[in-house]
Amino acid sequence: MTLLYYDDRFLKHDTGAGHPERAARLKAITAKLAADKLDERCTRRPCVPVTMEALERCHGRDYVTEVREAIAAGKFGRIEQDTVVSAGSYDAATLAAGTACDAVARVLKGEDKTALCLIRPPGHHALKNAPMGFCLFNNVAVAARSAVADQGLERLLIVDWDVHHGNGTQDEFYEDGRIGFYSIHRSPFYPGTGDADDTGRGKGLGATLNVPVKFGTPRKDYFARFQAGLEKMAGHMKPQLVLISAGFDAHRDDPVGSLELETDDFRELTKLVRGVADVHAGGRMVSLLEGGYDVDALAASVAVHLDELLEPGVKKADE
Ligand SMILES: [Zn+2]
């Protein structure tokens, strides 16, 4: 089984029909999971809002207050060049971060080995004191800090395969040796960060690894580089839990990103991460939705990702 999180309140983060990060993304995913009967194979869990204590580990209190008050005062529209808010955005953003923490807590308690959080707004560009790139709060960072502070973990690994570099996540853990950050992303590309030379600082030295990939790189090379980097980071971190910043915008049909990946490539990425989770973390993986902007490609890619999270070992025994 897999813990599956989804809530209609995520649809109330209304960015407008012309915005790539729109509610239709989640509607397409949930429709696809229902059509494929994948949701029936999961344990549904309710989404829960983040505690201020958990949120403020990664974000300044003044920033959180500013976002909440701006939305409460009806200041809708762009709060950053790419990031749009509406009446439901603060609730959606706090629900996204809290859901990520809940998934981590339940997986670490042993309720299930894997969890998939279908949340929005996404998080990996969000900075400590500013929104950025469709993101308000950094869901994966808040969940990783919660795993350490609330659940007592000593080592974990964030794998970010979104086509964009997770600059907010890298910043958060750059000097923290407990939380490893591994990203493969298109480069040169938005947001312009994620150099291979960025490897962490101080106690965090060696706990950040970036694999920048040029557009046009053959998929075979992409996978070889992804796997090599993943194994290097797994050996360095020996993670007790693996978190995935699961963006699906490296898909060939994606209008924002694209590294020409096929739908089934997201099964392969999931399998490779599972290999690391099996060796080091007792199979424990928590996956959080980040990008992915062609709604059909996104829905199909999430479906193969979830199918792979659903314990393939058990499926084989049934065959
Ligand atoms: Zn992205």
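Ligands are counted one by one from 1 in listed order, and the atoms in each one are counted from 1 as well.
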- Item | Asp150 and Arg57: CA distance, side-chain angles, deciding distance, salt bridge (Lys or Arg N to Asp or Glu O under 4.0 Å) verdict | CA-CA 11 Å; Asp150 300 328; Arg57 289 188 191 116; 2.8 Å; yes
- Show your reasoning for whether side chain to side chain contact (heavy atoms under 4.5 Å, CB included) applies to Asn129 and Asp62. CA-CA 8 Å; Asn129 292 305; Asp62 290 350; 5.9 Å; no
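Taking both residues in full, the closest heavy atoms of Ala299 and Lys32 are given as O-CG, 3.5 Å, listed atom of the first, atom of the second, then distance.
The nearest N/O/S atom of Asp249 to the Zn ion (ligand 1) is OD2.
At a cut-off of 2.8 Å, Glu290 is not counted among the residues with an N, O or S atom near the Zn ion (ligand 1).
Of the possible donor and acceptor atoms, one in the side chain of Asp254 sits under 3.5 Å from a partner among the backbone N and O of Tyr293.
Rounded to 10°, the angle that ND1 of His164 and OD1 of Asp162 form at the Zn ion (ligand 1) is 100°.
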